[in-house]
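All ligand and atom numbering here is 1-based and tracks the order in the structure. Bear in mind that the values here come from a model prediction, so they are computed numbers and not experimental data.
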Amino acid sequence: MVSIIRKTDEMFASTAKYRSQGKSIGLVPTMGYLHDGHMSLVKNSLKENDVTIVSLFVNPTQFGPDEDLDKYPRDEEKDLSLLEEAGVDILFAPSPEDMYFPDSSTYVNESTLSLPLCGESRPGHFRGVCTVVLKLFNIVAPDRTYFGMKDYQQLQVLKRMVRDLNVPVQIRPCPLVRESDGLALSSRNAYLSPEERNSALALSQSLKTAQTAFSNGEKSAPALLNIINSILEKDSKLKPEYVEIRDAHNLSKIIDEISSSVVIAMAVRVGKTRLIDNIILGE
Ligand code: AMP
C-alpha cells in the first residue's frame, strides 16, 4: 500500500524514522500526471533504495504568469494506482500552502547554467525549480534522487546546485523515454490534438536526422542546425522557440565544429503547447 503524506512535517518525521532504521531513501520529484517516463525513474529508485518516495507537486513558483499552472493536467487517483502497482512506499503530495509560507522570501538561484535555453524563454523558471527541489531534499533527505534527461538543462542546473551547496544527495540521471513513434513522453502531450500530435513528431524526427548526419561524419554545428530547422520549417503549426547545440556538461554554445559531447536541445510550440526535446551526440 502506498501511504499518502500531505504535510511537510509528517514527511520529515516519516523519513527520519526510516533513516534511524538504517534504510536508504530514494526520491522521485514529479508534477504528477504520471507516464512511463516518470515510471522509469520510479523503477530505478525501487531497485536502488529500501524506501521510494514519489513527490507530486505542481510547483507554482516555476510557472510564469502567462503559463499553464491552472490548466496543468492532474489525475491523482490514476497516479496513485500506477505507484501502487509499481510498489512505491510513499506519495508525498503537499498543498502549495503547506510548501510555501505566505511570506516566503528565500529562493535558490543558479546563475550560469540556468540562463540560456529554457532560462531565456521562461524567466524565473529555474529559480522556482531549484527552490522547490532543495526544499524537497530538506524535507525528505533522500540518499538518491532521480531526474530524467528529458529535462536536460534542469538536470544540469540541479547537479550544479547540489555541488555548489554541498547537498548530501546523489543525483541519478535517467534516459529520456519516448513513445514508439519517437515522441518524447510528457504530461503536456495531453494538450495536443491528434493533428498537433502528428506535427509534434517532427521534433524527434529532426533530432534523429541530425544524429544520423553526425554519425555519418557531419561535425559542423551550423550544418546540423540547418538540417533540423529545415525539417521544422516544413510544418507551419511548429513555432521553434530555440534549437541549439551546447556542450553536454557546461552548456556553453557550440558555434562551429563539434569536438566534445554535446546536447542538441529544442523548445517548440505546437499550437499553444510548448514541447521540449533533446538528444546527446558524441557520448
Ligand atoms: P515533471 O512531472 O514533468 O516535472 O517530470 C518529473 C521528472 O520526470 C523529471 O525529472 C523529468 O525529467 C522526468 N521525465 C519527464 N518526462 C520524461 C521522459 N519522457 N523520459 C524520462 N524522464 C522524464
Side-chain angles (χ1 to χ4, degrees), residues 26-46 48 52-64 67-69 71-76 78-80 82-83 86 88 91-94 96 99 113-114 117-118 122 125-137 140 142 144-162 169-192 197 200-201 203-204 207-208 263 265-268 273-280:
L27 171 68
V28 182
T30 82
M31 299 205 298
Y33 213 72
L34 302 179
H35 51 63
D36 285 350
H38 297 113
M39 296 313 287
S40 71
L41 276 51
V42 168
K43 283 187 192 122
N44 282 328
S45 175
L46 287 165
E48 295 183 346
T52 288
I53 298 164
V54 174
S55 63
L56 191 175
F57 183 60
V58 183
N59 173 37
T61 66
Q62 71 189 66
F63 286 79
E67 293 185 352
D68 57 344
L69 173 62
K71 65 173 183 126
Y72 195 82
R74 292 166 165 89
D75 189 345
E76 192 181 298
K78 181 164 170 247
D79 290 347
L80 189 60
L82 286 171
L83 298 177
V88 163
L91 170 63
F92 177 46
M99 277 298 271
L113 303 178
S114 61
L117 306 173
C118 289
R122 304 185 71 187
H125 170 67
F126 287 114
R127 186 179 86 146
V129 169
C130 287
T131 304
V132 80
V133 169
L134 187 61
K135 283 167 72 69
L136 288 169
F137 289 169
V140 174
R144 300 179 193 85
T145 182
Y146 298 79
F147 288 90
M149 291 176 61
K150 159 88 183 344
D151 299 271
Y152 191 80
Q153 185 180 14
Q154 167 176 283
L155 175 64
Q156 300 310 318
V157 168
L158 291 173
K159 276 163 81 173
R160 179 65 62 91
M161 174 186 85
V162 160
V169 65
Q170 283 180 43
I171 294 196
R172 292 278 206 252
C174 302
L176 196 167
V177 179
R178 299 180 180 280
E179 305 266 18
S180 54
D181 58 8
L183 183 68
L185 287 173
S186 164
S187 306
R188 289 190 168 97
N189 292 348
Y191 298 145
L192 300 171
R197 192 194 176 287
L201 293 177
L203 278 71
S204 56
L207 290 170
K208 270 257 166 263
V263 58
M266 59 170 65
V268 178
T273 306
R274 182 179 182 279
L275 298 178
I276 56 171
D277 202 344
N278 70 76
I279 202 162
I280 307 291

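- Residue contacts with ligand 1 for L41 involve side-chain atoms from C-beta outward but no N, CA, C or O (heavy atoms, distance under 4.0 Å).
- Of the polar atoms of S186, none of the N or O atoms is found under 3.5 Å from an N or O of ligand 1, judged by distance alone.
- Atom OH of Y33 has 12 or fewer heavy atoms from other residues, nucleotides or ligands within 6.0 Å.
- The protein atom (non-hydrogen) at minimum distance from atom 4 (O) of ligand 1 is M31 CG, 3.5 Å.
- Between atom CG of residue L34 and atom CG of residue L56 there is a gap of 6.0 Å, rounded to the nearest 0.5 Å.
- In terms of polar-atom proximity, G148 is counted as a contact of ligand 1, with an N or O under 3.5 Å from an N or O of the ligand.
- Residues L117 and Q156 form no side-chain contact, since every pair of their non-hydrogen atoms from C-beta on lies 4.5 Å or further apart.
- Within the listing of ligand 1, atoms 20 (N), 21 (C) sit less than 4.0 angstrom from a heavy atom of L176.
- Here C174 has no heavy atoms under 4.0 Å from ligand 1, in either its backbone or its side chain.
- Distances below 4.0 Å separate heavy atoms of T30 from the following atoms of ligand 1: 2 (O), 6 (C).
- The nearest heavy-atom contact from the protein to atom 6 (C) of ligand 1 is P29 O, 3.4 Å.
- The protein heavy-atom contact nearest to atom 8 (O) of ligand 1 is H38 CD2, 3.4 Å.
- Closest heavy-atom approach to atom 17 (C) of ligand 1 within the set K150, Q154, Q62, M149: this belongs to K150.
- Distance from atom 16 (N) of ligand 1 to its nearest protein heavy atom, with residue and atom name: H35 CE1, 3.2 Å.
- Between V177 and ligand 1, at least one N/O pair is under 3.5 Å apart.
- The backbone of P175, and not its side chain, has at least one atom closer than 4.0 Å to an atom of ligand 1 (non-hydrogen atoms only; backbone = N, CA, C, O).
- In this structure, K159 fails the cation-pi test against F147, since its NZ or CZ atom is not both closer than 6.0 Å to the six-membered ring centre and inside 45 degrees of the ring normal.
- Between S204 and R178, the closest side-chain pair of non-hydrogen atoms falls below 4.5 Å.
- Remark: L46 CG to L41 CG distance equals 11.0 Å, nearest 0.5 Å.
- Checking side-chain atoms of E48 against main-chain N and O of R144 turns up no donor-acceptor pair under 3.5 Å.
- Taking any N or O of S40, backbone or side chain, none lies under 3.5 Å from an N or O belonging to ligand 1.
- Taking only nitrogen or oxygen atoms, main chain and side chain alike, L185 reaches within less than 3.5 Å of ligand 1.
- Protein heavy atom in closest approach to atom 12 (O) of ligand 1: D151 OD2, 2.6 Å.
- Rounding to the nearest 0.5 Å gives a distance of 4.0 Å between OH of Y152 and CD1 of I280.
- Between M161 and V133, some side-chain heavy-atom pair lies under the 4.5 Å cut-off.
- Heavy-atom proximity to F147, at under 4.0 Å, picks out these atoms of ligand 1: 10 (O).
- With a 4.5 Å cut-off on side-chain heavy atoms, I276 and K150 count as touching.
- In this structure, the side chain of R74 engages the main chain of Y72 through a donor-acceptor pair within 3.5 Å.
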